[in-house]
Amino acid sequence: MRFTAIEADVRAMVTDPRWTALPLQSRAHAIASRALATPDGGRWIFGAHARWYLQDPVDGRWHLTAPPRQCPARIQPHTGVLLPHLVPRGPDFAFTGWSSQAFVGPDVPAALTAEIRALVRANGRRSVDDFPLSSFREVFASDVPGTVAAIWATIMWCAYAPAFDGNEQLLSVFGEYLGCPLPGDEWVRWLPSPPLTALVTLYGERVRAGAARAALRLAALMADTAGILAADARFAPRAQALIAMLEPTLRNPALDHQTATGPLPVHRPPLAPHRLPTGPLAPPPAHADSSGAFRTPSADHPRAEWPPTAHPHETQGWATTGHPHDAAGWATSGPSHDASGWIAAGHSHETAGWTPGGRSREISGWASADRSVEMPGRTPSADPREDPGAAAADDALRWAWLARVPDRLARAVLAETDPGEHLRHTVGDLLEAVAFAPDPHRTAAALLAADHVDAPAGLPTVSAWLDHRLRHALHTQLAAPHGEDTEPDGFEVGPRWLDTVPPTREEAAAVLGAAYASGLAWCRLTGTPVPGGGFPGAAAIVHRLIHERDDPHLNH
């Protein structure tokens, strides 16, 4: 229970309005003074993003991971230094997280599906000349307008883990528009998570073609779709982040035209200081010894240096002793108003049409308004993906959108800004999802190991981002003999992959979603193609859910 008590204590400090006004050294001292030690030698702190971090005994680095909550622990203040990225800023604790459940088992709410269906029907017969399919050509038929792709793209980008029940009604809304079967099988549609660039291209192509009104309508459709999705915790954080990106453009239709058409910047625009990458930019492969096992990077084989922050002197960390500002006795008042509600950076609190939860008060309310005039632009090539200038413009536009994400939602877009940290967070979610297991690290490692049996090339890069316990468990699992195959579809079973079955459907859906999201994260980090048939680790959970769907016709 000590871990839970420290969490409550730190949350009370960080959500106090006075926290953000403290010097970094004082905040670091407050966190370090609440470090925990477990009997097995583990050193833990509850830090940035309201996550637990475990210190690597070899190189001293702190890795995001899930704690052994039932393990006895004692407070043992950390007397070293804490780098700034480990210290809560304040708004990062306002992130409420999302549900890691996949869309297998618990269905998308019927009311949400009905609203999406109405949106698709209202925009599914637009002219392809006015709304060309500049992205998602591999998904939709050639005569499908970009308006349908904009709705689809928003759903897939906002989803934490886009693994859907093969009978999911939300997907059936798009059935008549699909140009080919969706990846997966009769049980699960294993859909890739598109990058933000896919959404940006739909908008940017129209701006460059001089069709500013059509570009604005696409942006409005994305915002309206995100407003609907925000009602489901599996979509909500990214949906709110997308609304924050688009709301300034909807208020000022010409805002992004210069970025989308040029002159193009030579260098990528930097993010705000608080969203600079916080992990190794290019972690080197772990080093194999003579037995083929991987060793933790050490002084002889150091990892890449941590990148500088906005204040170079802060990268040295801070001593945690002797500072006059003791963090004890903080009031437990709630978070400041700056960290609650929905506030787009740099804009008025008045966000007409949007509630704090992100839901639109009127479907296609933005799209129905005539707010723009046609503006000239350069003519794109037949395929924007073959136009280097268009690609550079879309990349600049993508970073302009990301810079608008409020600090409290920065974690929702880590996949776009820092793929390595995104992997750490998804693996942390996986560890929390398998907390029911006797050894969560072993269970999570088994699911990750299943994915890497057929994709070993990315394993060294992935390992470099994991905590030392999970790294060891992962390589132990990979060195173990193969399990046996069984039906259906050759799922591997036995202790090698999943030693404990999730006790409830909701927990099984959470494990499946977290495992699938972790797979998508390491594929993005390593550049590995996403397998069309899903990841073996996530697929091993499917048999726990396929006979327990919400559809009453399938349960009887």
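All residue numbers in this chain count up from 1 along the given sequence. Excluded from the calculations below are hydrogen atoms, water molecules and symmetry mates; all remaining heavy atoms, backbone and side chain alike, are included.
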>> Are the side chains of D256 and V207 in contact, using a 4.5 Å heavy-atom criterion?
In response: no
>> Show the nearest heavy-atom pair for residues G204 and L397, with the distance to one decimal.
In response: CA-CD2, 4.3 Å
>> Between N123 and V148, does the side chain to side chain contact (heavy atoms under 4.5 Å, CB included) criterion hold? Intermediate values first, please.
In response: CA-CA 7 Å; N123 293 275; V148 174; 5.8 Å; no
>> Main chain of T225, side chain of T154: is a donor-acceptor contact present, judged purely on distance under 3.5 Å?
In response: no
> Are any non-hydrogen side-chain atoms of E115 and L119 less than 4.5 angstrom apart?
Replying inline: no
> Minimum heavy-atom separation for P145 to S127, with atom names?
Replying inline: CB-O, 4.3 Å
>> I'd like to check F174 versus V139 (side-chain heavy atoms, cut-off strictly below 4.5 Å). Are they in contact?
In response: no
>> Is it the case that the side chain of S135 and the backbone of A198 share a donor-acceptor pair, with hydrogens and angles ignored and the cut-off at 3.5 Å?
In response: yes
> E168 and R189: side chain to side chain contact (heavy atoms under 4.5 Å, CB included), yes or no, with the steps?
Replying inline: CA-CA 9 Å; E168 174 55 60; R189 306 299 184 198; over 6 Å; no
> Rounded to the nearest 0.5 Å, how far apart are CG of L242 and CG of L409?
Replying inline: 11.0 Å
>> Any side-chain to backbone donor/acceptor pair from R404 onto P248? Under 3.5 Å, distance only.
In response: no
>> Would you say that L218 contacts T147 through its side chain, given a criterion of any heavy-atom pair below 4.5 Å between the two side chains?
In response: yes
>> I need the R411 CZ to W98 CH2 distance, nearest 0.5 Å.
In response: 7.0 Å
>> Between R51 and D429 (salt bridge meaning N to carboxylate O under 4.0 Å), is one present in this structure?
In response: yes
>> Between L64 and H49, does the side chain to side chain contact (heavy atoms under 4.5 Å, CB included) criterion hold? Intermediate values first, please.
In response: CA-CA 10 Å; L64 187 156; H49 303 289; 5.7 Å; no
> Are any non-hydrogen side-chain atoms of I151 and I155 less than 4.5 angstrom apart?
Replying inline: yes
> Do any N or O atoms from the side chain of R137 and from the backbone of S142 form a donor-acceptor pair under 3.5 angstrom?
Replying inline: no
>> To the nearest 0.5 Å, what is the distance between CG on L133 and CG on D143?
In response: 9.5 Å
>> Using side-chain heavy atoms (C-beta onward) and a distance below 4.5 Å, is V413 in contact with R238?
In response: no
> With respect to F103, which candidate in W190, Y516, Y160, F235 satisfies the ring pair (Phe, Tyr, Trp, His ring centres under 6.0 Å) definition?
Replying inline: F235
>> Under 3.5 Å, is there a donor on one side chain and an acceptor on the other for T197 and D394?
In response: no
> Rounded to the nearest 0.5 Å, how far does CG of D107 lie from CG of D232?
Replying inline: 10.5 Å
> When you look at W152 and Y177, which way does the ring pair (Phe, Tyr, Trp, His ring centres under 6.0 Å) test go after all the steps?
Replying inline: CA-CA 11 Å; W152 172 272; Y177 304 101; over 10 Å; no
>> Is the shortest side-chain heavy-atom distance between P502 and L512 below 4.5 Å?
In response: no
> Between G537 and L447, which heavy-atom pair has the shortest distance, and what is it?
Replying inline: O-CD2, 3.3 Å
> Heavy-atom distance under 4.5 Å between the side chains of R206 and P132, does that happen here?
Replying inline: yes
> Taking all non-hydrogen atoms of both residues, which atom of P162 and which atom of M156 are closest, and how far apart?
Replying inline: CB-SD, 4.0 Å
> D92 side chain to G90 main-chain N or O, any donor-acceptor pair under 3.5 Å?
Replying inline: yes
>> Within this structure, what is the OG-NE2 distance for the pair S518 and H422, rounded to the nearest 0.5 Å?
In response: 8.0 Å
>> Could you report the tightest heavy-atom contact between E432 and A66, atom names first, then the distance?
In response: CG-CB, 3.9 Å
> For Q169, does its backbone N or O pair with a side-chain atom of S172 as donor and acceptor, under 3.5 Å?
Replying inline: yes
> Which value, rounded to the nearest 0.5 Å, describes the distance between T259 atom OG1 and D395 atom CG?
Replying inline: 11.5 Å
> Do E416 and R398 meet the salt-bridge criterion of a basic N to acidic O distance under 4.0 Å?
Replying inline: yes
>> Please determine whether side chain to side chain contact (heavy atoms under 4.5 Å, CB included) holds for the pair L178 and F140, giving the CA-CA distance in whole Å, both sets of side-chain angles, and the decisive distance to 0.1 Å.
In response: CA-CA 4 Å; L178 297 176; F140 297 106; 4.0 Å; yes
>> Once you measure the plane-to-plane angle for H257 and Y203, does it fall in the parallel (<30°), tilted (30-60°) or perpendicular (>60°) bin?
In response: tilted
> Which atom pair, heavy atoms only, marks the closest approach of I228 to L112?
Replying inline: O-CD1, 3.7 Å
